[in-house]
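The structure under discussion is supplied below as structure tokens; questions concerning it will follow.
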Amino acid sequence: MITLFHAKYFAYELTRRHAPTGIGRLSQSLFDASVDLNPHQIEAALFALKSPLSKGVLLADEVGLGKTIEAGIVLCQYWSERRRRLLVICPASLRKQWALEMEEKFNLPAVVLDAKTWRGTIKKDRSPLNQKAIIILSYNYANRIRDELKAIAWDLVVIDEAHKLRNAYRESNKIGQGLRWALEDCRKLLLTATPLQNSLLELYGLSTLIDEHLFGDVNAFRSQYVSAGGDLDGLRQRLSGFCRRTLRNQVTEYIRYTERKAITRPFRPTDDEHQLYEAVTAFLQRPDSYAIPKRQRHLTELILRKLLASSSLAIAGTLETMKLRLEALRDEKIKDDPEFAEFLIADEDIEDELLDEILNIDPPEENGNTPQPTIDRKQLKEEIDWLAQLVQWARSIGTDTKTRSLLSALEIGFQQMATTGAQRKALIFTESRRTQIYLKDYLEANGYAGQVVQFSGANNSPEATIIYENWLTANQGTGRIAGSRDIDIRAALIENFRDQSSIMIATEAAAEGVNIQFCSLVINYDLPWNPQRVEQRIGRCHRYGQQHDVVVINFLNERNEADRRVLELLTEKFNLFNGVFGASDDVLGSIESGVDFEKRILSIYQECRTPAEIDDAFKALQAEMDERIQARMNDTRKLLLENFDEDVHERLRIQLSDAKAQLDRFSKRFWSITHFILNERAQFNDAALTFDLVKPPTQAIAAGRYHLISKTTPNANQPHTSETAGEMHAEYGTFLYRLSHPLGEFVIDHAKTLDTPPAHIVFDVSQHPTRLHQIEALRGKHGYLAMTLLAIESYEREEHLLFSAIDDQGLPLEQETCEKLFNCAAENSGSANIPGSITQRLAAEAQQHTKATISQSLEANNRHFNEAREKLEKWADDRVLAAEKALKDTKEQIKILQRQARLATNLDEQHDIQQKIQKLEKQQRRQRQEIFQVEDSIIEKRDALIDALERRLTQKTESARLFTIEWSVV
């Protein structure tokens, strides 16, 4: 039992702003997050928050370690601290995944903004960027609205897949330059598994996204670290301040990884099927065709190749669409259709990454005077007739050989599941929406009736709608319904697959933002050429939380040499299908763009006619990939980025232990306050950590059953691991009770405003479940205690709850003793009359305690100040060094030319050399004059920055007495 003094103290303690260092800073975010606790993620989040003067950090954990979770913890902490101008910038294909993860795992509202949603928000007279939600943008769209982004003082900007911007320092990198400018004054959190691929300058480029004062200019960086004899130890030391990387082999003590096991399922098309493939290939290889728009030719060919490899029905439907387009062109209903590739992507539910490619294609210049090219009517008719013939041929094939092979592939996979004890479930990926529908009908007609569920980008099939509506009915009033159809229907379909269906057939939409650890069989019915996409698919099942080895089945067309070589490349060079970890981030990162890589393979399919040509082309591509994947940077990467701390495991163990203790204390105190405040409004089940809210305090809060998050001490019924809040809901059918829930906020706010006049509080240590030696020593004693809230404003706001207490002998009690005293149950035995002398003594104790706390805070902020000043000193040194090196380089060039002049064989050559020398000598004199000016301006700028930091260091404090009591211990 607690008193209203406990409730008030706990409410302030649970929501106070901690100093930047220490696990306490993350208490609120870790408690609110519906994710499993991993020590390396806690450590990464603390690293991101550690310095109030930092402009940001780079988190570079290996793939699969949860960088999104790390960023989510930081975003959640900012949100809990009421700093809610939060922005996420990521590749277009990851926007939806980010929104879903923020909603499901952290209960944070998130809005994806693009041109369409921007216009819709404007129409509602709202500013699209000023919403009570995390704003999520693609790189391209963020750059497009950079002026609007610049106008907002963002509290935190997360940049995912940041390696895509590693050349942001170059003027030619328009997107990188635009984002650098728009976000230069904001704190940033960069995420990438591949911070370094081919050049150390990539690290420099990433540093400029964070803070232009981390290093000098690119010339200074190149001369210090890139050239022969570069100071890699010095670079490592400087990187340690803003870059952190955890390797998978460092966390195997905490994370169990299962194996991947690959099975190749060959099939041999009939002559008719093979001849159709050859005929469509011949059509696609025509050098000049009306069927394929010129502006998006390569992209359209890439899409058609994907569909041709998928199924006869997939290519038939697309060829029919192409025929209809040409007929409209013939009838002059359209002039051209430059958005044809975009239509195909949407129509077949192909991955969004290709839409980014369309944005990168320059639109045709509009000129009203430019005459339209004359259409060759004969050729147009010939193409329409050819397409009509191909459509009829493709549809006549019916059930093809590959489809029939799927039945045996499923049986092979399910036999593997039986041997490992895994569930009889299969996730089948296809690159075509038409193939998806066709396969569902085929499987249901061949032994899998009622066992197949479809998952796509739109999820608008009649079956999906029925599943969704049933899910809404089943979850009405549980708090599980997010209110967003996109989020809810995804949850409904995944739960249907988990609880009822055996097979999920998915387009690429399921490769993003979906966690399906309960399934251990992945079938690549269509195999993408993009290794990053393949890894993403397998990673839906082969990830943290998977209990069984994952079997990956790949189909192989035995009559297609190019298909065989693609599978070989993905297997041997990228190591996608075997082992514990699959493809490494270093290997995947060697591909600048997955779509560019696919285009390289497309060129082989389009241009090579014979097996020998195909073989030569793939050998050349493999040689190029070998060179890229080769570990020419491995030694450098290890030296700079890998953590060589021998105590890393011990440190992580301590971090985990501290976090669990903190969360255990946090959840107990939150539960105690809730019990106290809602005692007359709810019926509590302490064993299950649930309560039934009978009388809601406001109309906005629903009645019903509420369940407290408890990750560290789960009860017998609670899932051991819970990837999403949705799974918790499914287990209990209750509202998830968080600090950020409106009911949780009501409880905290109400507890803070409790009237707490002086009272006599009797603490009972005898009933405490564990020994409290310090409190047991006070048994039989009494005294007085006051609690003060101290707020310090400096670089960041921090709040402290300070106890001042004395016993009946007049001896002071330590802060830790007072905190433990409030861990004991207590009773209020009535009002207390505090003598004036005691009040004065407690005030003096409080003042002394306040001074000591302010001094400690100042000392910590001084450390931050000194680190920031040292960074600026090094930046200034870098800039001066660059100026001096430029002068030195000019001198060297003059010496070389002077040697050449002595060896000149004729007057003309001599004259040319002397002119170059004179030009360089003039440049040298100018550089000598400028070097002093450069030094002065750099030092002036450095001093101005340091002065600004010193002004911010000035502390402002405020304090408030929360309560005073007379205490006794029994």
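Side chains included, hydrogens not; waters and symmetry mates left out as well; all remaining heavy atoms used.
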Side chains of V88 and L75: closer than 4.5 Å at any heavy-atom pair? yes

Start with the C-alpha distance between R490 and E101, add both sets of side-chain angles, then the distance that settles salt bridge (Lys or Arg N to Asp or Glu O under 4.0 Å), and finish with yes or no. CA-CA 12 Å; R490 287 163 72 95; E101 296 232 342; over 6 Å; no

Any side-chain donor near an acceptor of the partner, N459 and R485, under 3.5 Å: no

Taking R260 for the side chain and L576 for the main chain, is one N or O donor matched with an acceptor at less than 3.5 Å?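 Flag set: sc R260 to bb L576 pair under 3.5 Å.
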
Closest non-hydrogen atom pair between R395 and A316, with its separation: CG-CB, 3.8 Å

Measuring from atom CD1 of I523 to atom CG of L406, what distance do you get when rounded to the nearest 0.5 angstrom?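 These two atoms lie 5.5 Å from each other.
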
Pair R305 + E598: basic N to acidic O under 4.0 Å: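 A salt bridge is absent here (no side-chain N lies under 4.0 Å from a carboxylate O).
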
When you measure from the side chain of Q131 to the backbone N and O of P128, does any donor-acceptor pair fall under 3.5 Å?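 Yes, Q131 side chain to P128 backbone: donor-acceptor pair under 3.5 Å.
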
Are W671 and D686 linked by a side-chain donor-acceptor pair shorter than 3.5 Å?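 Side-chain D/A pair, W671 to D686: present.
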
Measuring from atom CG of D488 to atom CG of L472, what distance do you get when rounded to the nearest 0.5 angstrom? 6.0 Å

With no hydrogens and no angle check, is any side-chain donor or acceptor of T465 less than 3.5 Å from a backbone partner on S461? yes

Is there a salt bridge (Lys or Arg N to Asp or Glu O under 4.0 Å) between K402 and D526 once you walk through the steps? CA-CA 10 Å; K402 183 181 178 185; D526 308 328; 2.9 Å; yes

With no hydrogens and no angle check, is any side-chain donor or acceptor of T401 less than 3.5 Å from a backbone partner on F267?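 Absent.
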
With rounding to the nearest 0.5 angstrom, report the CZ to CD distance, F518 to E495. 9.0 Å

For C519 versus L427, what's the shortest heavy-atom pair and its separation?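 It is SG-N, 3.7 Å.
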
Is any side-chain heavy atom of I428 closer than 4.5 Å to one of L521?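 When only atoms from C-beta onward are counted, I428 and L521 do not touch, as no gap falls below 4.5 Å.
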
Mind checking whether T507 and S432 have side chains closer than 4.5 Å, heavy atoms only? no

Is it true that a side-chain atom of S311 and a backbone atom of L307 form a donor plus acceptor pair closer than 3.5 Å? no

What do you reckon, are the aromatic ring centroids of F691 and Y737 less than 6.0 Å apart? yes

For residues L410 and I553, determine if any side-chain heavy atom of one lies less than 4.5 Å from a side-chain heavy atom of the other.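 Heavy-atom side-chain distance check fails, nothing below 4.5 Å.
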
When rounded to the nearest 0.5 angstrom, what is the spacing between CG in L191 and CD in E70?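 Going from the CG atom of L191 to the CD atom of E70 covers 8.0 Å.
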
Measure across F414 and K425 and return the closest heavy-atom pair with its distance rounded to 0.1 Å.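 That would be CE2-N, 3.6 Å.
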
Using a distance-only test with no angle check, is there a side-chain donor-acceptor pair under 3.5 angstrom linking D549 and T420?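 Per modelled atom types, D549 and T420 side chains form no pair under 3.5 Å.
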
Which is it for T435 and L313 under the side chain to side chain contact (heavy atoms under 4.5 Å, CB included) test, yes or no, and what are the steps along the way? CA-CA 7 Å; T435 301; L313 281 182; over 6 Å; no

Do the non-hydrogen side-chain atoms of V453 and I503 ever get within less than 4.5 Å of each other?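 Counting from C-beta outward, V453 and I503 never come under 4.5 Å.
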
Hey, is the main chain of K306 close enough, under 3.5 Å, to the side chain of E431 for a donor-acceptor pair? no

Are Y525 and F555 near enough that their ring centres are under 6.0 Å apart? yes

Okay, side chain of E469, backbone of A464: is any donor-acceptor separation there less than 3.5 Å?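 The answer is no, because no donor-acceptor pair under 3.5 Å joins these two groups.
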
Flag if over 12 foreign heavy atoms under 6.0 Å of CD, Q683: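 For Q683, atom CD is not crowded (no more than 12 foreign heavy atoms under 6.0 Å).
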
Is the side chain of N496 donor-acceptor paired with the backbone N or O of A492 at a distance under 3.5 Å, no angle test?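 Not a single qualifying donor-acceptor pair exists.
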
So S138 and I89, side chain to side chain contact (heavy atoms under 4.5 Å, CB included) or not? Walk me through it. CA-CA 6 Å; S138 69; I89 300 175; over 6 Å; no

Below 4.5 Å, heavy atoms only, C-beta onward: do V694 and R681 meet side chain to side chain?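 Side chain of V694 against side chain of R681, heavy atoms only: no contact under 4.5 Å found.
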
Should L443 and L407 be marked as a side chain to side chain contact (heavy atoms under 4.5 Å, CB included) after you check the CA-CA gap, both sets of side-chain angles, and the distance that decides it? CA-CA 8 Å; L443 290 174; L407 291 175; 3.8 Å; yes

Please give me the minimum heavy-atom distance between Q436 and S456, naming the atom from each residue. OE1-CB, 4.1 Å

For H741 and Y706 the tightest heavy-atom approach is CE1-CE2, 3.6 Å

Interatomic spacing from CD1 in I134 to OH in Y78 - rounded to 0.5 Å: 12.5 Å

Measuring from atom CG of L708 to atom CG of L739, what distance do you get when rounded to the nearest 0.5 angstrom? 10.0 Å

Step by step, work out the side chain to side chain contact (heavy atoms under 4.5 Å, CB included) result for Q517 and H542. CA-CA 7 Å; Q517 293 94 319; H542 188 247; over 6 Å; no

For ring-ring contact (aromatic ring centres under 6.0 Å, His included), just list the numbers for F684 and H675, CA-CA rounded to whole Å, side-chain angles, deciding distance to a tenth of an Å, and then say yes or no. CA-CA 7 Å; F684 286 82; H675 221 305; 4.0 Å; yes

Heavy-atom pair of closest approach, residues R265 and S408: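 What the structure gives for the nearest pair is NH2-OG, 2.6 Å.
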
Centroid-centroid distance, F106 to W79, less than 6.0 Å: no

Using salt bridge (Lys or Arg N to Asp or Glu O under 4.0 Å) as the criterion, list what pairs up with D160, not counting sequence neighbours.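 D160 satisfies salt bridge (Lys or Arg N to Asp or Glu O under 4.0 Å) with no other residue.
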
Charged N to carboxylate O below 4.0 Å: is that the case for R540 and E508? no

Flag the pair T403 / Y438 as yes when at least one side-chain heavy-atom distance between them is below 4.5 Å, and no otherwise.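 A side-chain contact exists here, since the closest heavy-atom pair is under 4.5 Å.
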
Can you check whether L113 reaches L129 side chain to side chain, under 4.5 Å on heavy atoms? yes

